[in-house]
Amino acid sequence: ALQCKDNRLGYQMATKHKVPIEILGHAMQAYNKALYKYGDEAPCYIPPKMLEEACHTDLRCEEFKDWEYSIQNVDGSSVIRHHGIDIKRSDKKELSDFEV
């Protein structure tokens, strides 16, 4: 799965540059466990679902109660589309005022 590939890439970069990022190992274990349970085609947001099932509780806040997503292929790239939530987008003026 793409999310596991990205996680491995981050882990390799951290190892190469001797940056200790323990959370990558934890994330890798969570994704692997979820993929073993739900299959290789499981979506990238599957670990939270697995956690909800293990805890027998809904972890979504009210704003995400009806949230779903789909993945579309746009010119060979995966594009994630969010459904059932109000996504507030920053306008260009706000973004231009942002300082790093």
Participant: Please report the interatomic distance CZ(Arg60) to CD1(Ile85), rounded to the nearest 0.5 Å.
Facilitator: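 If I round to the nearest 0.5 Å, the distance is 10.0 Å.
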Participant: Show your working on side chain to side chain contact (heavy atoms under 4.5 Å, CB included) between His83 and Ser70 and close with a plain yes or no.
Facilitator: CA-CA 8 Å; His83 313 283; Ser70 61; 2.8 Å; yes
Participant: Decide side chain to side chain contact (heavy atoms under 4.5 Å, CB included) for Thr57 and Glu52; before the verdict, give the C-alpha distance in whole Å, the side-chain angles of both, and the deciding distance to 0.1 Å.
Facilitator: CA-CA 5 Å; Thr57 190; Glu52 286 180 331; 5.6 Å; no
Participant: Quick one, Asn32 and Lys37 - any side-chain contact, counting heavy atoms below 4.5 Å?
Facilitator: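 No, their side chains stay 4.5 Å or more apart.
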Participant: If you group Ile, Leu, Val, Met, Phe, Trp and Tyr by side-chain heavy-atom gaps below 4.5 Å, do Leu59 and Phe64 land in one group?
Facilitator: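 Different hydrophobic clusters.
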Participant: Working to the nearest 0.5 angstrom, can you tell me the gap between Tyr31 OH and His26 NE2?
Facilitator: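 Reported value, rounded in 0.5 Å steps: 11.0 Å.
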Participant: Tell me whether Leu24 is reachable from Met13 by hopping between hydrophobic residues (I, L, V, M, F, W, Y) whose side-chain heavy atoms are closer than 4.5 Å.
Facilitator: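 Looking at the clustering, Leu24 is in a separate group from Met13.
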Participant: I'd like to know whether Trp67 forms a side chain to side chain contact (heavy atoms under 4.5 Å, CB included) with His82, so could you lay out the CA-CA distance, the side-chain angles of the two residues, the decisive distance to 0.1 Å, and finally the verdict.
Facilitator: CA-CA 7 Å; Trp67 174 78; His82 298 273; 3.0 Å; yes
Participant: Using the rule that Ile, Leu, Val, Met, Phe, Trp and Tyr join whenever any side-chain heavy atoms are under 4.5 Å apart, tell me whether Tyr69 and Ile46 fall into a single cluster.
Facilitator: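 No, separate clusters.
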Participant: For Ala27 and Asn7, which heavy atoms make the closest approach, and how far apart are they?
Facilitator: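 So the minimum-distance heavy-atom pair works out to C-ND2, 3.7 Å.
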Participant: Counting neighbours of CD on Glu41 that are heavy atoms of other residues, nucleotides or ligands and sit closer than 6.0 Å, is the number greater than 12?
Facilitator: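 Check fails, neighbour count at 12 or below.
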Participant: Under the criterion side chain to side chain contact (heavy atoms under 4.5 Å, CB included), which of Pro48, Cys55, Pro47 is the partner of Leu51?
Facilitator: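 Going through the options one by one, the only one that passes is Cys55.
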Participant: Can you get from Tyr45 to Tyr38 by hopping between Ile, Leu, Val, Met, Phe, Trp and Tyr side chains that sit under 4.5 Å apart?
Facilitator: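 No: no chain of side-chain contacts under 4.5 Å links Tyr45 to Tyr38.
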